[in-house]
Participant: 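Sharing a structure, written as structure tokens. Questions coming.
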2 protein chains.
Amino acid sequence: MERKQQFRDYLLTQGLKSTRQREIILDAFLQSGGHLSTEELYLQIRQQHPGIGYATVHRTLKLLAGSGLAESRHFGDRQTRYEQCSGEDHHDHLICTACGAILEFEDGDIERLQQRVARQHGFHILSHRLELYGRCAKCGPE
Amino acid sequence: MERKQQFRDYLLTQGLKSTRQREIILDAFLQSGGHLSTEELYLQIRQQHPGIGYATVHRTLKLLAGSGLAESRHFGDRQTRYEQCSGEDHHDHLICTACGAILEFEDGDIERLQQRVARQHGFHILSHRLELYGRCAKCGPE
DNA sequence: CTCCAATTGAAAATGATTGTCAATTTAAGC
DNA sequence: GCTTAAATTGACAATCATTTTCAATTGGAG
């Protein structure tokens, strides 16, 4: 799988080593679908691999972020969450305050308007974060 | 001043009391301009009022958020920041990754597109957060 | 295979935030 | 103004997520 090779390449270029634990954590992360906190991933991995420590999961997630396979995000709560990212296409989030569901979306029109705002203020945008909080269709408007 | 009365009213409706400390903290907060962390406000207040404790500043900021005078925000770092808010008009942020400057802006067009996105996904938006990270005019494009 | 550097896992350290509690202060009722 | 119950304060401890430490282990280049 290409993702796994991308991670190994990243480790090589940084003078780091491939380990059994890092492979396991990478697998679990890729299978998980995204938006997991360190703790959630740790608990999940522990079921199959009780020997792997919290610190190792934490450190590996930071490596994944460095390699471009993961991106760290902070939503309302205090936990850092990591999501898979394909590398180029950016997306934003709809977050249901009732059930905690996280939906992703992209909107080129909004991005264009962001550029316009930045221009008006002499800014050069490097990245952005857009999160819409509310209630999803399932949970109803109130 | 109307703001100060708004806070006193809020305390009354909640069965809470006006105190010397809360007045001092409110004054300092209103004068500060906004985007302060608890620690920054605490350090500033301590210069004039060494007796006021960190916990009291922290608790009062939460009250201010409850009263609608302040809003808590999380930018990249782990600290909670509080900013003044007039109550109704929402604004978003341009954040310079070089010098840390925080600019505010409003853009009705973007808000309208956000509503469109929400509609498309069956969401009912209650609030949102939009932050544009980049380099400000002073710091230059790179 | 050897060896050095990187890695691991357990535990401790950190940093922001929140809780505890005895002493104090507020404000409502007299 | 005085009394009193309840809220508040401030110092300190507890908590929670995250990060570091360190001795033991492991990876992989030579």
Side-chain angles (χ1 to χ4, degrees), chain A residues 4-5 7-28 35-67 70-82, chain B residues 4-5 7-28 35-67 70-82:
Chain A
K4 297 175 71 165
Q5 197 53 50
F7 186 52
R8 291 194 199 100
D9 290 346
Y10 172 77
L11 293 176
L12 270 180
T13 65
Q14 303 293 311
L16 306 176
K17 293 173 178 173
S18 287
T19 66
R20 190 179 57 85
Q21 289 92 333
R22 286 178 179 164
E23 291 283 329
I24 290 169
I25 294 167
L26 171 57
D27 281 344
H35 302 119
L36 290 126
S37 65
T38 306
E39 174 144 39
E40 287 164 353
L41 189 59
Y42 166 67
L43 290 176
Q44 187 173 323
I45 288 171
R46 198 171 58 170
Q47 298 176 5
Q48 297 297 321
H49 305 276
I52 293 184
Y54 187 97
T56 302
V57 175
H58 172 260
R59 287 184 286 228
T60 302
L61 280 170
K62 293 188 78 170
L63 288 176
L64 286 170
S67 77
E71 201 166 339
S72 76
R73 295 191 167 275
H74 294 259
F75 296 109
D77 50 2
R78 206 174 325 153
Q79 291 189 133
T80 304
R81 292 178 176 281
Y82 289 86
Chain B
K4 297 174 74 165
Q5 197 53 50
F7 186 51
R8 291 193 200 100
D9 290 346
Y10 172 76
L11 293 177
L12 270 181
T13 65
Q14 302 294 311
L16 306 176
K17 294 173 177 172
S18 287
T19 67
R20 192 178 56 84
Q21 289 92 334
R22 286 179 179 165
E23 291 283 330
I24 290 169
I25 294 166
L26 172 57
D27 281 344
H35 301 119
L36 290 125
S37 65
T38 306
E39 173 144 39
E40 286 165 354
L41 189 59
Y42 166 67
L43 290 176
Q44 186 173 322
I45 288 171
R46 199 171 59 170
Q47 297 176 6
Q48 297 296 320
H49 306 275
I52 293 183
Y54 188 97
T56 302
V57 175
H58 172 260
R59 289 183 285 229
T60 302
L61 280 171
K62 292 188 78 169
L63 287 176
L64 286 170
S67 77
E71 201 166 339
S72 76
R73 294 190 167 275
H74 294 258
F75 296 109
D77 49 3
R78 205 176 325 154
Q79 289 189 135
T80 303
R81 292 179 175 280
Y82 290 86

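Naming convention: chains lettered A, B, ... in sequence-line order (proteins, then strands); numbering from 1 in each chain.
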Participant: Let me see the working for Glu23(B) and Arg8(B) under side-chain contact (heavy atoms from CB on, under 4.5 Å), right down to the final yes or no.
Facilitator: CA-CA 9 Å; Glu23(B) 291 283 330; Arg8(B) 291 193 200 100; 2.9 Å; yes
Participant: Atom OG of Ser37(A) and atom CG of Leu61(A): how far apart are they, to the nearest 0.5 Å?
Facilitator: 9.0 Å
Participant: Could you check whether any side-chain heavy atom of Gln48(B) comes within less than 4.5 Å of a side-chain heavy atom of Ile24(B), counting everything from C-beta outward?
Facilitator: no
Participant: Please identify the 5'-most and 3'-most nucleotides of DNA chain D with any atom under 4.0 angstrom from a heavy atom of chain A.
Facilitator: dA17(D) to dG28(D)
Participant: Flag the pair Thr80(B) / Arg73(B) as yes when at least one side-chain heavy-atom distance between them is below 4.5 Å, and no otherwise.
Facilitator: no
Participant: Base, backbone or nothing for each nucleotide of nucleotides 13-18 of chain C, written B, S, -, heavy atoms under 4.0 angstrom, 5' to 3'?
Facilitator: ---SBB
Participant: Rounded to whole angstrom units, what separation is found between the CD1 atom of Ile52(A) and the C1' atom of dA10(C)?
Facilitator: 15 Å
Participant: What closest approach, in Å, do Ile52(B) and Tyr42(B) show between heavy atoms, and which atom pair accounts for it?
Facilitator: O-CE1, 3.3 Å
Participant: Would you mind reporting whether Leu26(B) and Thr60(B) have side-chain heavy atoms less than 4.5 Å apart?
Facilitator: no
Participant: About how many Å separate CG of Leu43(A) and OH of Tyr54(A), when rounded to the nearest 0.5 Å?
Facilitator: 8.5 Å
Participant: Could you measure the distance from the CD atom of Glu71(A) to the NE2 atom of His35(A)? Nearest 0.5 Å is fine.
Facilitator: 9.5 Å
Participant: Please name the pair of heavy atoms, one in Tyr10(B) and one in Leu63(B), separated by the smallest distance, quoted to 0.1 Å.
Facilitator: CE2-O, 3.6 Å
Participant: Check the pair Glu40(B), Tyr82(B) against side-chain contact (heavy atoms from CB on, under 4.5 Å), reporting the backbone distance first and the verdict last.
Facilitator: CA-CA 10 Å; Glu40(B) 286 165 354; Tyr82(B) 290 86; over 6 Å; no
Participant: Would you be so kind as to tabulate the donor-acceptor pairs closer than 3.5 Å made by side chains of residues 14-22 of chain A, with sequence neighbours excluded?
Facilitator:
unit_1   : atom_1 : unit_2   : atom_2 : d
Thr19(A) : OG1    : Arg22(A) : N      : 3.1
Arg22(A) : NH1    : Lys17(A) : O      : 2.7

Participant: Name all residues meeting the salt bridge (Lys or Arg N to Asp or Glu O under 4.0 Å) criterion together with Glu39(B); count only those two or more places apart in sequence or in a different chain, and write none if there are none.
Facilitator: none
Participant: To the nearest 10 degrees, how far apart in direction are the end axes of the helix from dC1(C)-dG30(D) to dC30(C)-dG1(D), each fit to five base pairs?
Facilitator: 30°
Participant: Give the B/S/- string for nucleotides 2-7 of chain C, one per nucleotide from 5' to 3', where a protein heavy atom under 4.0 Å of the base yields B, of only the sugar-phosphate yields S, and otherwise -.
Facilitator: ---BSS
Participant: Can you measure from CD1 (Ile25(A)) to NE2 (His58(A)) and round to the nearest 0.5 angstrom?
Facilitator: 11.5 Å
Participant: Roughly, in whole Å, what's the span from CZ in Arg20(B) to C1' in dT24(C)?
Facilitator: 11 Å
